[in-house]
Structures are given as C-alpha cells and as structure tokens.
Protein chains: 2
Amino acid sequence: MNQIICTVDIVLLTLHEGVLKVALLKRDREPFKGVNALPGGFIHSNEDSDVQDAALRVLKEKTGIDAPYLEQLASFSGPARDPRGWSVSIAHYALVSFDVINSAAHPDIKLVSVDRPSSLPFDHRSILETAVSRLRSKSQYSSLPCYLTGETFTLPQLQRVYEFLMGEALNKVSFRRKITEMDMLEAIPGQFETAGAHRPAQLYRLKKIFRQQLQLLDRGL
Amino acid sequence: MNQIICTVDIVLLTLHEGVLKVALLKRDREPFKGVNALPGGFIHSNEDSDVQDAALRVLKEKTGIDAPYLEQLASFSGPARDPRGWSVSIAHYALVSFDVINSAAHPDIKLVSVDRPSSLPFDHRSILETAVSRLRSKSQYSSLPCYLTGETFTLPQLQRVYEFLMGEALNKVSFRRKITEMDMLEAIPGQFETAGAHRPAQLYRLKKIFRQQLQLLDRGL
DNA sequence: TAAATAGTGTCTTTTAGACAGTATCCT
DNA sequence: AGGATACTGTCTAAAAGACACTATTTA
C-alpha cells in the first residue's frame, strides 16, 4: 500500500429564487488557495467516527450549518484530481432550505446556480453534476425535495419544488394523490398561507418520523 | 490529517440453483487469517487509476474474474471496523453468471447463499446486506438482473430471475411489454432452447450497447 | 363582484393485469 | 392424442391525467 489522501467533500444544495444553488467557499490554503470550491476537508481519524461524521463536522466547521439532510453520494478518486497526490474524496450531498443558509450559515458562503458552469477546482464540477443528477433522479419517487423547503410549506409550493427538480409540469390532482399516498405530511391546524388576492393555502410540515428518513414510492410521481 | 487505511471490497454475486450467492475467499493474511471474507485489498496508488480500477484489479487477482458488471456501492468507514486502525473501504458490487465463476474463477472461491447469516469478518455482513438491498432495489426498474444471466437466455428464464430478485410473481404479459419497452434484447435468429416436452423458447441476448450500461425504466416492472 | 389561486369531484386516457386461446415440442 | 410450456390477443381493472366546478381571499 502507498500513502493515499482521504477527504470528504460536501455538495450543499438549496433552492433560492426558483433556482437550484450550490454553496461554495473560498479556499483558505493551497492547493487552489483563494479559489471558490465545494466545502471539504481531511478525515480526522482521531475524532471522526466514520465518513458521514467527518462530513457533518466539515460542514459545520466551514459553513456553520448543523445536521441537515445529508447523504453519502459516491467516491471520487485518482492520482491527478488533487495535485498533492493520489486521493479519495468521499462526496456527500446535503439539502437545506434557503432560510437555514441565510441565518445559520457563515456570511462568506457563495451561492451559485448549479447550471452556470463556473470553473471549479479538483474534480468538483464532476462531483456537483453527480449530486444534482442524484437529486433529480431521487425526486422522481421520494420525499427528498421536502428537505429543500422550509419547516412549513403549502402543497402548491411543494409541487413547484418537485416540478422544478423533475423539470416538468405535474398534474395537480395526481400530485396530491401521491403526496397523500406517501403519508409523510401533516396539516398544521388553522394555519394558512395568504399570498395575494385568492384563497389561502393550508400549511403543512413533515411528520416527525420523516425529518431525517426518506419516504419512497412504489411508482414515481 | 492522520493515517487512514484505504481498501476496496467486492461483493461478487451470482445466481445458482435458484439462490442468490456471494463469493467468499479464505483470507491469506492477518487480520482474520483463514476466515472466509469478501475479496478485498488495498488501493495501490502506484498502479490504480481510480477506486473502480482498484476494484477490478483486486477482483481479477483474487478470483480470476475479468471485467464483469461492476459498480461502486458505498464507503464503509470507522475506527473499529478493521483492527489495524481507522479505515475506509470503498465497496463495489459485481454481477456475473454462474458459468463465469465456474470456468474463469479460482477453484477456492466459496459460494454462499446471501440469506444464510454466516459470520463474516470486519463489517462485511453489513456491506453484503447493502449490496443485496441495492441489487433488489435496482431490479425494480432496470436491466440489472440481466447481468446475472448467461450470454443467452429465454424470456421465461429472465422473468424467473426478475421474480426471484423482486420477491414476487410477475404478470407474463406485462413483463414482456416492459422488456420490449426497454428495447435492450435481441432475439437470436433461429435459436431456441428446448427444455422438456413443450414448445421451445426463443433465445435472446443483450444488445451490445447494454453489455456494460444499464437500461432504466420510467415506471418499474 | 371580478380576478386569482386553493382545493375537489368526476370523466377520459393510459397502463397493468387476468384470462384464455393458439403454437410447438415430447412421449 | 395428451400434456407441458411458449407465446399472443383481448378484455378488465387500476392508475394517471384532463377538466371543470366550488371555495376563499383581495382589490
């Protein structure tokens, strides 16, 4: 065996102004010092209990964000992706509402649209694309998009999130049938969102059981 | 950063006598010398171009099997899973037909049913369960099960493979509609499989494009 | 009361499944 | 001929989608 560099990188995604955005941070050391990159860091064998724990620690240290929805994505590896040598990065992706970034997060985080192909160091472009692709794919048949919403939301809002991620308009009746089938939401009694000159919409929240655990559908939306 | 042990483990799965089996090898060195375990090994930064390449190399070295369908599964990590220290194993799973194991593979491979909870070293039990769960899940909506069949097969044979993996009987007409929709098979002209006192079944094979690349369905089977 | 969006009932279209028929082998 | 399984045509059932109607707000 030879020396291998072990890191975690985190693709922190959020929805802002109808666009999917990723959180970037200016690197404070070489290589690529001063360049915007995905938050990442070395695994600390003396304090991390596993790579997920390392990812949560790095995310907290670099962005100030605590325990969002976070899932392992894939490993990215090779002799050339990091100029320091043969490396493995175990990439994770995390989903938060824009509110969380706005309040809890460090002010030097840059939110950038995932579609604008700004140049990224290492193979972070490839990691980002994999994360977005995974998010879009899982949105087809799971409760994943809920983690991009705030604590409470209306069904029309949630439908717009799903439609944005899936890239297609959804039938309102079918969408609501599926959401009911998933049985993951609870209406907040007496709470409505008034947004203009029309009937207010019922506010919902995720049932407690589904705050950290995905709900899946047999057939997609 | 501290020293971290980087390895790959491979869950090599095959279908034999109507049972899903995993390939185990007696370990030839400490720790757990002499114990049956998943084939695995260190990443070699001087020869491997990435972890997938390391997995293919380890699989070839330890089992003699070359370039099957192989996909990254997940990373398993922590301070205690390997007695030598804090380690990351990037687990992969591979699918082959029993023929391949029977001919190309080393004779000291042990095929064990994935359901029989024989004791496994490290966290190999957990890796195995994740692999089987991934296989079953992907079988719902992809061509993955095809990689467990031989080069040629009949539709009734393929349907039995899918039914075994999905754990439920499938409607014959619907199954064939979906297979047709996937458009991944080609009938071998004039070739039939005679298996008893009844009409022989048309033999099929995977179209060349799909030998290494999965085909996905919008809605599952 | 007009306009706008929320929420629901119901009909139509699409997709999946049941069933039964024909096809083709072996004994 | 009879039994067995392959394959296919067609009807039925279930799911998804279209459409329209009611509900409730502001201007």
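Order of the sequence lines fixes the chain letters, A, B, ..., with proteins taken first and strands second; residue numbering starts at 1 for each chain. This is a predicted model, so every value here is computed, not measured.
Within residues 147-165 of chain B, no residue has any heavy atom closer than 4.0 Å to DNA chain C. Residues from residues 179-203 of chain A lying near DNA chain C, meaning a heavy-atom separation below 4.0 Å, are A/A197, A/H198, A/R199, A/P200, A/A201, A/Q202 in numerical order.
In summary, contact between chain B and DNA chain C, defined as any nucleotide atom under 4.0 Å from a heavy atom of the protein, begins and ends at C/dT15 to C/dC26 in the 5' to 3' direction. Here the range on DNA chain D touched by chain A, meaning any atom under 4.0 Å from one of its heavy atoms, is D/dA15 to D/dT26.
Ring orientation note: the planes of A/Y147 and A/Y69 are close to parallel, at an angle under 30° on the 30°/60° scale. Aromatic ring orientation, A/F122 versus A/F32: perpendicular (interplanar angle above 60°, classes split at 30° and 60°).
Of the charged side-chain nitrogens involved, none lies within less than 4.0 Å of a carboxylate oxygen, so that A/E181 and A/R177 do not count as a salt-bridged pair. Contact check on B/R81 versus B/D9 returns a salt bridge, with a Lys/Arg side-chain nitrogen under 4.0 Å from an Asp/Glu carboxylate oxygen. Under the 4.0 Å criterion applied to side-chain N and carboxylate O atoms, B/D48 and B/R57 are assigned as salt-bridge partners.
Taking for each of B/F175 and A/R177 the nucleotide of DNA chain C with the nearest heavy atom, the 5'-most of the two is the partner of A/R177.
Using a distance-only test at 3.5 Å, with no hydrogens or angles considered, no donor-acceptor pair links the side chain of A/K62 to the main chain of A/L25. A donor-acceptor pair under 3.5 Å is absent between the side-chain atoms of B/H92 and the main chain of B/V8, judged by distance alone. No donor-acceptor pair under 3.5 Å is formed between the side chain of B/S97 and the backbone N or O of B/L148. The main-chain N or O of A/A37 is never found under 3.5 Å from a side-chain atom of A/R27 such that the two would form a donor-acceptor pair.
Each side chain to side chain donor-acceptor pair (under 3.5 Å) pair with one or both residues in residues 148-161 of chain B, not counting sequence neighbours, appears once here: B/Q157-B/E193, B/Q159-B/E163. Annotation: side chain to side chain donor-acceptor pair (under 3.5 Å) contacts involving residues 126-144 of chain B, sequence neighbours excluded, comprise B/E71-B/K138.
The residue from A/R205, A/K207, A/K208 that alone fulfils the salt bridge (charged side-chain N to carboxylate O under 4.0 Å, His left out) condition with A/E186 is A/R205.
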What verdict does the ring-ring contact (aromatic ring centres under 6.0 Å, His included) test give for B/F153 and B/Y204, after you've listed the backbone C-alpha separation in whole Å, the side-chain angles of each residue and the deciding distance to 0.1 Å? CA-CA 5 Å; B/F153 46 86; B/Y204 291 83; 7.3 Å; no

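If you check every strand for non-hydrogen atoms under 4.0 Å, A/K172 touches a base.
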